[in-house]
There are 2 protein chains.
Amino acid sequence: MPEIDVKQKVLAANQAAAAALRETFRDQRTLVVNLISSPGSGKTTLLEATVARLAGKLKMGGLDGDIATERDADRLRKAGIPARQILTGGACHLDARQVDAALVEEGEKLRGLDLLFIENVGNLICPTSYDLGEDFKIVLLSTAEGDDKPFKYPAIFSKAKVTVLTKVDLLPHVDFDVAAVKQQVSTLNPGARILELSARTGDGMDDWCALLEGELAKKRSS
Amino acid sequence: MPEIDVKQKVLAANQAAAAALRETFRDQRTLVVNLISSPGSGKTTLLEATVARLAGKLKMGGLDGDIATERDADRLRKAGIPARQILTGGACHLDARQVDAALVEEGEKLRGLDLLFIENVGNLICPTSYDLGEDFKIVLLSTAEGDDKPFKYPAIFSKAKVTVLTKVDLLPHVDFDVAAVKQQVSTLNPGARILELSARTGDGMDDWCALLEGELAKKRSS
């Protein structure tokens, strides 16, 4: 089918662009994480809280994918780091060429960082297939979204090195079985790290920041 | 670009299939609603609560789109209505041909209903462009997802005749400005109905059921 041929070509072109980005990030010794979740799982809120904790220690920046509005990049800039919004023109995911173009246009501001956060378009499906040259993918799942999601969206939970359960402060008010989610994630992806946190209360933020710092150290020593 | 040509062809084929479905639904005097939201906004939970209230009055059925698992159709069957799961094989939306094939395969069970619920794949972006022959689209937004979503995902909030704010029982525990959301929806779609409800507590369920019954009566008297 021509639809499938076109998809294969698009993915092959993306893969080439992602490989070039990965080289660049290696040369710059920047750890790059690709954050993927449903709309409203708390990606930007987690990044705001992360910046507040790591601002004195690490040089950070952000790329924010969205269909419309500059809102997420604005929030990161207010939090104190350089950030650029990428509007996808209706597409349900970022691709590597958009990331490359954004980095070229931002120039110095996003060069030579310790940590680059790529906040993907809010979507548990489409971003899964597009490599952005990142070191690893992180999937966020909020406790308000229900505990059946890993098995319903298996591709992203299989691929993400880290699953972050967000909004654990809501646990007393929702039906969400943390153990059931952990079991689904472990079945799909036995090596995955699973963190539980609330950016609002600060619970779990130490482990999250330690994970990022540890991965950066690993990348730089390898 | 070939990508765009293929997309246009796919949408044109979908439109033809949707038009045929719409004829069928008109002949059968069935009201068909296409429910669209992020993963975990509460589509299935809303339908369970709806079936519990309208079971004695209306003949209902469901089609459930997902990437994987039979879970949602199972929940609707347990709630007491015929339902069929449509697994999209990775696609981020249902299309009209999948709906047609599912109806043919289910045969009598989903024929001659008063009300057919089509629960789309959890996604605020992709399902927007695919007409399924429905009478209208309904977008759900949970209060845990943040109050910036209509402007970030303008296409679906512009197209949906009804916006349902779900999980209003969580309002005391989250930052969510209902008035701000209403203003965004009204800006994008001045004619939209906006309902606030909690399927968990039952708040707002009367208005929701009255809306469905009213739309069914309107369809049958026209």
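Every value quoted in this text rests on a predicted model; they were computed, and no experiment measured them.
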Fill in the blank from the handout: For residues 64-75 of chain A against chain B, heavy atoms under 4.5 Å, the residues are Asp66(A), Ile67(A), Ala68(A), Thr69(A), Arg71(A), Asp72(A), Arg75(A)
Exercise for the section: Enter the distance from Asp175(A):CG to Thr45(B):OG1 here, rounded to the nearest 0.5 Å. Expected result: 8.5 Å
Completion exercise
Taken to the nearest 0.5 Å, the spacing of Ser38(B) OG from Glu145(A) CD works out to 7.5 Å
Handout entry: Side-chain (Lys152(A)) to main-chain (Pro39(B)) donor-acceptor, under 3.5 angstrom
Key = no
Fill in the blank from the handout: With chain B, the option among Val174(A), Thr128(A), Leu87(A) that has the most non-hydrogen atom pairs under 4.5 Å is Val174(A)
Problem - Option that, when pairs with chain B are counted at under 4.5 Å, heavy atom only, ranks first among Ala91(A), Ser41(A), Gly122(A) - result: Gly122(A)
Handout entry: Under 4.5 Å from a heavy atom of chain B, the part of Lys9(A) involved
Key = neither
Completion exercise
Highest number of heavy-atom pairs under 4.5 Å with chain A among Val121(B), Leu141(B), Leu170(B), Asp169(B) belongs to Leu170(B)
Completion exercise
The interface call for Cys92(B) against chain A, heavy-atom contacts under 4.5 Å, is both
Completion exercise
In terms of heavy-atom contacts, Gly90(A) and Ile125(B) come closest through O-CG2, 3.6 Å
Practice task
Would you check if Val6(A) and Lys7(B) make a side-chain contact, meaning some heavy-atom pair closer than 4.5 Å?
Solution key: no
